[in-house]
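Before any comments, here is the structure.
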2 protein chains.
Amino acid sequence: MPREPLSSSAPASASSPVDAGPSFSPLYRQIKSLLIAGLQGGEWKAGEGIPSEIELAQRYGVSQGTVRKAIDELAAENLLVRRQGRGTFVATHAEQQQQYRFLRLMPDEGQEPGLGRQLLDCKRQRAPAWIAKQLQMRAGDPMVEVRRLLHGKDKPVVLDDIWLPGDLFKGLTTERLNKHRGPFYGLFETEFGVHMIRAQEKVKAVAADEESAALLHVAVGTPLLSVERLSFTYGDKPVELRRGLYNTSTHFYRNDLN
Amino acid sequence: MPREPLSSSAPASASSPVDAGPSFSPLYRQIKSLLIAGLQGGEWKAGEGIPSEIELAQRYGVSQGTVRKAIDELAAENLLVRRQGRGTFVATHAEQQQQYRFLRLMPDEGQEPGLGRQLLDCKRQRAPAWIAKQLQMRAGDPMVEVRRLLHGKDKPVVLDDIWLPGDLFKGLTTERLNKHRGPFYGLFETEFGVHMIRAQEKVKAVAADEESAALLHVAVGTPLLSVERLSFTYGDKPVELRRGLYNTSTHFYRNDLN
DNA sequence: GAGTGGTCTAGACCACCAC
DNA sequence: TGGTGGTCTAGACCACTCA
């Protein structure tokens, strides 16, 4: 089968005496990179279908099995979703009952959290150094700051502070946030084309200060879970920093280890 | 290729008018189940190699590709480890620098935790109801209780209480634990044949009581991370309950979301 | 019935490791 | 040099979805 510019394996370049990191990559990984580039470049948008495996195989000049393996990995990483008989689709947060892709909070009794949202504040600021650093911006760069509560049955459970790069979220206003129903990540996708694909969290136990105690209806000094989440889009680019304070008197943070 | 008792797909039984949950399983999943059975039954022990893909393919009467896909899944679940050119091996905790397979604690500065162990206590008890329930035992059944500290550079960081089913850990004594170097999970594997393959954690923020405060060298009321971990062996059987109190003043609990 | 992903096979060749 | 896992191919057939 004819193949084009894909380097079939390690480059057959002039002899490399000390080939430290040959970084040879198999065909299916090169296909995977091409697919990621397509996602990143907006060739296929969130929720849409990508071409069939056969079509991609023809396009890239490889066998269907090779495309399949590339897609397998992307599906395992939750970037793509396969649906038998229908096709392969770009994963999205902006859909149906998905509800809180990254939130690990569970009620002590019962199943789903089913939390209500309450927007407290949304303003544009200049990024302080510690935030700018994590978002790979410069201190003083424009930044959007959002504060909100998530309510359980009778008490507030989560106080979230969210920081976003100002240039990526230009038209983000209180009104826009209030009009939107569903998780923020859905809004970020459909309105701003920012797609979170991965996040890392740092969890600590802290004591409630006066402000957070008042908002969460607990006594000052109450132990709270502090969850600092940095979210990334394609290319490991950080695009959101979030600091949540969780009241864990009736909920817990769930984690599965493999 | 001749094949034996493996039902090649959905059973061709008499017509099933309302085939609610046919639970048809592809060949490679049946192979996977056979491999798990082999692991569970002790046919291949932790750290040992399993037969080559070609040999397994012959044994089960399927193609190498089918065995490969079964092994792929088991490797993804960390039950098996592939090593190119050498073979496929049963994953083990009892090896080298693995160090704390499930511990998610990281220092604020630096890389590895590098914590020192200090055994405080090890005694046999009768299981109280709330522990028995989670370990799927009956209240009053024999149980081993272990308490220990993990030390950081200058302060204790983790206070662990560990509860184990008494019948599975018959000869577990303070002396045996003290003689052992390396993580508990390694000891459990080599000495008791109990292999943890999965765990789930429930994390909360709590206030230090008098006892834990003294042991962790903090003031009473200091917010601590409470990490309750239930660990499972093959067949989703729970075999360890652990409650850790983490001092998160210089460390944090790290989690990656995908 | 046409098109999609899902499974299974058989065979080729490569990369890595141990002897 | 022989054996192992790793990649790639080509083709067959199955299961699912939708028009």
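Letters go in sequence order (proteins before strands), and every chain restarts at 1.
We find that CD of B:Q64 is positioned 16 Å from P of D:dC8, with the value rounded to whole Å. In this structure, B:Q84 atom CD and D:dG5 atom P are separated by 10 Å, rounded to whole Å. Between the CD1 atom of A:I71 and the C1' atom of D:dC8 there is a distance of 16 Å, rounded to whole Å. Nucleotide C:dT4 holds its C1' atom 9 Å from the CZ atom of A:F89, rounded to whole Å. To the nearest angstrom, C1' of D:dT9 lies 11 Å from CG of A:L27. Rounded to an integer number of Å, the gap from B:E73 CD to C:dG6 C1' is 12 Å. Spacing between atom OH of B:Y28 and atom C1' of D:dC13 amounts to 16 Å, rounded to whole angstrom units. C:dT4 atom P lies 17 Å from atom CG of A:D72, rounded to whole Å.
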Take A:K32 and A:E77, measure what salt bridge (charged side-chain N to carboxylate O under 4.0 Å, His left out) needs, and give me the verdict at the end.
-> CA-CA 12 Å; A:K32 186 182 171 188; A:E77 295 167 21; 2.8 Å; yes

Carefully, step by step, assess A:L105 and A:Y100 under the rule side-chain contact (heavy atoms from CB on, under 4.5 Å).
-> CA-CA 10 Å; A:L105 202 65; A:Y100 304 122; over 6 Å; no

Would you please test B:R82 and B:R68 for side-chain contact (heavy atoms from CB on, under 4.5 Å) and show each step?
-> CA-CA 11 Å; B:R82 297 173 163 288; B:R68 167 167 286 273; 4.0 Å; yes

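In this structure, the side chains of A:Q30 and A:V62 stay at 4.5 Å or more apart for every pair of heavy atoms. In this structure the side chain of A:Q40 never reaches within 4.5 angstrom of the side chain of A:H195, judged on heavy atoms. By the 4.5 Å heavy-atom criterion applied to side chains, A:Y246 and A:H251 are not counted as neighbours. Looking at B:F102 and B:M196, their side chains come closer than 4.5 Å, going by heavy atoms from C-beta outward. In this structure the side chain of B:E201 reaches within 4.5 angstrom of the side chain of B:Y253, judged on heavy atoms.
At least one side-chain nitrogen or oxygen of A:R82 sits closer than 4.0 Å to the OP1 or OP2 atom of C:dG6. Within the structure, every side-chain polar atom (N or O) of A:R83 is placed at least 4.0 Å from both OP1 and OP2 of D:dC16. Residue A:S63 places none of its side-chain N or O atoms closer than 4.0 Å to OP1 or OP2 of D:dC8. Remark: B:T66 is not in phosphate contact with C:dT7, judged by side-chain N or O atoms under 4.0 Å from OP1 or OP2. A sub-4.0 Å separation between OP1 or OP2 of D:dG6 and a side-chain N or O of B:R68 is present.
Across residues 46-55 of chain A, A:S52, A:E53 each have a non-hydrogen atom less than 4.0 Å from an atom of DNA chain C (numbered order).
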Which nucleotides of DNA chain C pair, in dot-bracket form (Watson-Crick or G-U under 3.5 Å, | meaning another strand) | ||||||||||||||||||.

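Candidate nucleotides D:dG5, C:dC8, D:dT7 were compared by shortest atom distance to the side chain of A:K69, and D:dT7 ranks first. Residue B:V62 places its side chain closer to C:dT9 than to any other of C:dT9, D:dT9, C:dG6.
Both cation-pi conditions hold for B:R148 and B:F184: the charged atom is under 6.0 angstrom from the six-membered ring centre and inside a 45 degree cone around its axis.
Counted by atom type alone, B:Y185 and B:S231 present one or more donor-acceptor pairs between their side chains at under 3.5 Å.
In terms of position along DNA chain D, the nucleotide closest to A:R29 lies nearer the 5' end than the nucleotide closest to the other residue of the pair A:R29 and A:R86.
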